[in-house]
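Excluded from the calculations below are hydrogen atoms, water molecules and symmetry mates; all remaining heavy atoms, backbone and side chain alike, are included.
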Amino acid sequence: MVALGQSEAAKSDVSAFVVALDEFEGPLDLLLELARAQKLDLKKISLVALADQYLDYLKAARAKQLEIAAEYLVMAAWLAYLKSQLLLPRDANADPDAATMAEALAARLRALEAIRHAALWLEERAALGTARFARGAEEPLPKETVPVFVAELGALLRAYGVTAKRQEVARIRLPRHRFMTVDVALARLSQLLTGSDWRELRSFLPPELASAVERRAAVATSLVASLELARSGEIELLQQQAFGPILVRRRP
Amino acid sequence: MSAIHLVETEAAGEPAKVDAKAIVEALLFASPEPLSEREIQAQLGALGDALTLLHSLRADYVGRGIRLEGREGRWAFRTAPELAPHLTRVLRPKRRLSKAAMETLSIIAYRQPVTRAEIEAIRGVAISAGTLDLLVDTGWVTPKGRRDAPGRPVTWVTTPGFLDHFDLQSLSDLPRLEELEGAGLFNPPAEPSA
Amino acid sequence: MSAIHLVETEAAGEPAKVDAKAIVEALLFASPEPLSEREIQAQLGALGDALTLLHSLRADYVGRGIRLEGREGRWAFRTAPELAPHLTRVLRPKRRLSKAAMETLSIIAYRQPVTRAEIEAIRGVAISAGTLDLLVDTGWVTPKGRRDAPGRPVTWVTTPGFLDHFDLQSLSDLPRLEELEGAGLFNPPAEPSA
């Protein structure tokens, strides 16, 4: 790493390090570099010695009036505390966790170091695009599209229903009427008209006629039938005023 | 990095073997564009003659799945054209029928055998050119015989594939028109209310 | 090289011979992405057994400029790594990742599935905003599921593309961290005495 462990002097003299805080990714990185520069075995690391180096380094940085990020200072405070606890006589009121904390820090440094090596190992693999190359020009293979049609029975029935409905609308439906024919009216009048009293023609209409149209049609056919009977001399017709009731009687 | 420097420029003890043809092969494979003889020669340097190697490489690939094509001094690997039918990827997207096609299909199903003119009379519009072709493509409809009428028009029927797709045992499984009426199928699907 | 796997497609008069291995070769050659055995078999249909053909094809390419690599059921042609020095002038190598990105990638590779907080704990620094994005862009890393822990953080894993890129058969090809951490990491290997 830059400026560290380069010279023989760096091995022993921390102050000889060129202070280059920007080179480090946080306090853990700096600690690891210091350990590496000292060629320390992390398994038997002396946290006290490492803490001293770290604190010296920050002191040197401060002397050069470099800006030191808060995280470095937090680590410095923590290391100073850890160091003091580790240096206290065993039986004194030392923080029993100090040794554990020191070991935890050493473990973290070992883990980071291992990952560093893993990253280097990966980089040296015959990576695609640096040592191995893929097909440069993709050759688009021909594609054939064969659609698969799907439909549900419900949709089919609905389609038929809609079609049938449309056809129904298109068919014109005339209302069916039961009109009395002239023949029926003739037969009816001849049969019902018995006496020689004047009776109203209307009274001979069949009573079951529901609609007005049918009733008017019956009036018309009955009138035609009565005219026909009058012409053949079977009956007489009488209307005393315009639009007045039409009277009918069998010819005496 | 291991095993990189196979080419020993210095005359060291053992003879440094570099397969110049392998370099040409790898270059052509990995290049996004066809490479000119000059580019290949520039990369090879004194290791070999580009043109000789290209010809040799082309011979190696004769009869294989890929071949080396050189045109106008530029070279590239291409898949062998005679394999195209076997390389074609068949895509099978699912497609729904249009409203017109569904209605036409339903008329054929209910009124078969039915002529085009009869279908048009029922739907009240002319059948567009592709609709019957499309229905034939689905495999659900097929022409069958001719109507004994002026012009002897072709009649259309449904196929066993139709029964299969709609999971019908037979055409008599289709509900009768009166039954459809009860099921409310006479009304077009409701529009999603705004 | 002679066609080995000849299959008669039609039993017609003329022998419609199709070289199934040539099809596999062409398929793989045309594709920059690895193809799965399933995809290849689907394309072959009854013409041959994909796996048998792939092994045979891989043997054909031993010692050549390109080689057939198969990892975790996915196959692709790649240039032979030992040729790299002879290719890079034309092919322009990709830019290497930053130290931070490589370390993050390594942590994901070794500790997957791993959360962002866990990565940061190991590296002792926050991951800069773009690092995970960059790794996802490379196609080597992908989020996968959430850790069943407070905040349900997303966990990160490596992809098949990671294996392909770094020429690993599987994740078990990664050296054990203990080995890396092991002997003499802080004591660089002794220089060979001059």
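- Contact detail for G65(B) and A26(C): the closest heavy-atom pair is O-CB, 3.4 Å.
- Neither the backbone nor the side chain of R67(C) comes within contact range of chain B; no heavy atom of the residue lies under 4.5 Å from a heavy atom of that chain.
- A side chain to side chain contact (heavy atoms under 4.5 Å, CB included) with L83(C) is found for one member of I23(B), L27(B), D19(B) and no other, namely I23(B).
- Neither the backbone nor the side chain of I40(B) comes within less than 4.5 Å of any heavy atom of chain C.
- In the displayed structure, D148(C) atom CG is contacted under 6.0 Å by at most 12 heavy atoms of other residues, nucleotides or ligands.
- Across every non-hydrogen atom of F29(C) and F29(B), the tightest pair is CZ-CD1, 3.4 Å.
- Annotation: E33(B), atom CD; neighbour count of heavy atoms from other residues, nucleotides and ligands within 6.0 Å does not exceed 12.
- Using cut-offs of 30° and 60° for the angle between ring planes, the Y61(B) and Y61(C) rings count as tilted.
- When heavy atoms are compared at a cutoff of 4.5 Å, L35(B) approaches chain C solely by way of its side chain, counted from C-beta outward.
- Here the side chains of R64(C) and D60(B) are in contact, with some heavy-atom distance below 4.5 Å.
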Return a table of donor-acceptor pairs under 3.5 angstrom between the side chains of residues 42-51 of chain C and protein atoms on other chains or two or more places apart.
{"unit_1": "Q43(C)", "atom_1": "NE2", "unit_2": "H86(B)", "atom_2": "O", "d": "3.0"}
{"unit_1": "Q43(C)", "atom_1": "NE2", "unit_2": "T88(B)", "atom_2": "O", "d": "2.7"}
{"unit_1": "D49(C)", "atom_1": "OD2", "unit_2": "T52(C)", "atom_2": "N", "d": "3.1"}
{"unit_1": "D49(C)", "atom_1": "OD2", "unit_2": "T52(C)", "atom_2": "OG1", "d": "2.4"}

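- In this structure, the ring-ring contact (aromatic ring centres under 6.0 Å, His included) partners of W75(B), at least two apart in sequence or on a different chain, are H55(B).
- For chain C, the nearby parts of I66(B) are the backbone and the side chain; heavy atoms of each come within less than 4.5 Å.
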